[in-house]
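One structure below.
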2 protein chains.
Amino acid sequence: MDKTLAVLKAISDKNRLRILSVLLVHEELCACQITEFLKVAGATASRHLSQMVNAGVLENRKQGRWVYFRLNRDESSLAPLFKWINRKVENTTQVTQDLKALEKILCVPCENLSRKQRNGGHCAKV
Amino acid sequence: MDKTLAVLKAISDKNRLRILSVLLVHEELCACQITEFLKVAGATASRHLSQMVNAGVLENRKQGRWVYFRLNRDESSLAPLFKWINRKVENTTQVTQDLKALEKILCVPCENLSRKQRNGGHCAKV
DNA sequence: ATATTAATTAGCCATTTGGCTAATCATGAA
DNA sequence: TTCATGATTAGCCAAATGGCTAATTAATAT
């Protein structure tokens, strides 16, 4: 049950649940895009993402300088959980806002994103 | 999504997940029985139980001096979550142990249980 | 009425968590 | 090779969490 507990802990934080929620809609997102819509420092987003990967909730792949994250669809036992979360969070104001913000972010290539580190945690203009 | 987050937080602690796990098997348990199998102080069990009730995961009813807790089956949207948890935790060593301990505890009437407060957090002989 | 007792609440403490900045690692560009 | 840059790690701090004991509340039993 420790494995299950790890999964639950990985999604029972506000920002991590927000990450999961948008990945239920967008197949794959770059760390910099996630950093951007969460409006937290890059290091903070990175740590949340690591926790989710370690728990087996997310998978990632590196492509050049960027790391892309997606739900772990290989672990089929997670599917019912994802489905449940989806039903619960879709159309909530938080997730609606996040998806809207992401729309704008996705219009900008990653090269122009991720200025948070240099900007001291504040969001880049998109 | 805050409601969903509250539910997730309510079950993403080891002891609270243990409580949920045994309530998937035993329809209803008294606070003193839960205190007993968790082997924590009564106050600690009580606080965990309150959190789960507040999040809507558990319901309780008072009967005399005892308070009985059970899963909230009224909220039908929780059913898939309970089902998922059940599949994940059943037959894990932790839950198996807990259920075994509960078997013995259930043989003892509540009157003879719950000596933890007086015993300084240590378990009564059953 | 008084004592007993299950449960809860209050108050304390140690640990964990989540945020930040700064430093480091790793990859592509000049 | 050297520089720029996205991601991660390290180190720090404030807030939240989970444990305990002691005090309080609510109900039964004497």
Side-chain angles (χ1 to χ4, degrees), chain A residues 5-6 8-19 29-36 38-55 58-69 105 108-124, chain B residues 5-6 8-19 28-36 38-55 58 60-69 105 108-124:
Chain A
L5 194 56
L8 290 172
K9 280 180 189 291
I11 64 175
S12 61
D13 165 82
K14 176 108 179 193
N15 283 338
R16 292 196 295 272
L17 184 56
R18 289 171 68 197
I19 292 170
L29 290 172
C30 173
C32 64
Q33 298 167 329
I34 290 169
T35 297
E36 187 68 29
L38 285 181
K39 298 201 191 310
V40 294
T44 301
S46 178
R47 202 157 43 78
H48 281 308
L49 289 164
S50 302
Q51 288 176 61
M52 298 177 81
V53 169
N54 286 335
L58 299 187
E59 288 179 328
N60 60 4
R61 77 186 166 87
K62 189 159 195 170
Q63 179 175 314
R65 266 174 300 181
W66 293 278
V67 179
Y68 290 90
F69 294 85
I105 293 168
V108 182
C110 285
E111 288 82 358
N112 302 352
L113 228 51
S114 291
R115 313 195 171 278
K116 288 197 171 48
Q117 290 278 1
R118 323 191 264 297
N119 290 3
H122 295 302
C123 197
Chain B
L5 194 56
L8 290 172
K9 280 180 189 290
I11 64 175
S12 60
D13 166 82
K14 176 110 179 190
N15 283 337
R16 292 196 295 272
L17 185 56
R18 289 172 68 197
I19 293 171
E28 199 172 57
L29 290 173
C30 173
C32 64
Q33 297 167 328
I34 291 169
T35 297
E36 188 68 27
L38 285 182
K39 299 201 192 310
V40 294
T44 300
S46 178
R47 201 156 46 77
H48 281 307
L49 290 164
S50 303
Q51 289 176 61
M52 297 177 81
V53 169
N54 287 335
L58 299 187
N60 60 4
R61 76 185 168 87
K62 188 158 195 170
Q63 179 176 313
R65 265 176 301 180
W66 294 278
V67 178
Y68 290 89
F69 295 85
I105 292 168
V108 181
C110 285
E111 288 80 359
N112 302 351
L113 230 49
S114 292
R115 313 196 171 277
K116 288 197 171 48
Q117 291 279 2
R118 323 190 263 298
N119 289 3
H122 295 302
C123 196

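Just so it is clear: chains get the letters A, B, ... in the order the sequence lines come, proteins before strands, and each one is counted from 1.
Atom-to-atom, CZ of A:F69 to C1' of D:dA7 comes out at 8 Å; the value is rounded to the nearest Å. If you take CG of B:L38 and C1' of D:dG18, they are 13 Å apart, rounded to a whole angstrom. Counting to the nearest Å, the P atom of D:dC20 and the NZ atom of B:K39 are 13 Å from each other. Residue B:K14 contributes atom NZ, which lies 12 Å from atom P of D:dG19 at whole-angstrom precision. B:D13 places its CG atom 17 Å from the P atom of D:dA16, with the value rounded to the nearest Å. Note: CZ (B:R61) to C1' (C:dA7) measures 15 Å, nearest angstrom. Between the CD atom of A:Q51 and the C1' atom of C:dT16 there is a distance of 11 Å, rounded to whole Å. One can place CD1 of A:I34 at 12 Å from C1' of D:dA7, the figure rounded to the nearest angstrom.
For C:dG19, the OP1/OP2 oxygens have no side-chain nitrogen or oxygen of A:T44 closer than 4.0 Å. Residue A:R47 places no side-chain N or O under 4.0 Å from the OP1 or OP2 atom of D:dA7. A:N15 has a side-chain polar atom (N or O) that falls below the 4.0 Å cut-off from OP1 or OP2 of C:dG19.
For B:S46, the side-chain atoms get nearest to C:dT9 when compared with the rest of D:dG18, C:dT9, D:dT9. Residue B:C32 places its side chain closer to C:dA6 than to any other of C:dA6, C:dT21, D:dC20.
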Contact letters for nucleotides 25-30 of chain D, in which S counts primed atoms plus P, OP1 and OP2 and B counts the base, heavy atoms under 4.0 Å: -SSSS-

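When side chains are defined from C-beta on, B:L58 counts as touching B:L49, because their heavy atoms get closer than 4.5 Å. Side-chain contact between A:F69 and A:E59: absent, with no pair of heavy atoms (C-beta onward) separated by less than 4.5 Å. Side chains of B:D13 and B:L17 form no contact here, defined as non-hydrogen atoms less than 4.5 Å apart.
Listed by chain and number, the residues in a salt bridge (charged side-chain N to carboxylate O under 4.0 Å, His left out) with B:K14 are A:D2 (sequence neighbours excluded).
If you find the closest nucleotide of DNA chain C to B:L49 and to A:H48, the one lying nearer the 5' end belongs to B:L49. In terms of position along DNA chain D, the nucleotide closest to A:S50 lies nearer the 5' end than the nucleotide closest to the other residue of the pair B:K9 and A:S50.
B:R61 contributes no side-chain N or O that, together with a main-chain N or O of B:Y68, makes up a donor-acceptor pair within less than 3.5 Å. A donor-acceptor distance shorter than 3.5 angstrom exists from the side chain of B:S50 to the backbone of B:S46, with no hydrogens or angles considered. Here the side chain of B:K9 pairs a donor or acceptor atom with the backbone of A:S12 at under 3.5 angstrom.
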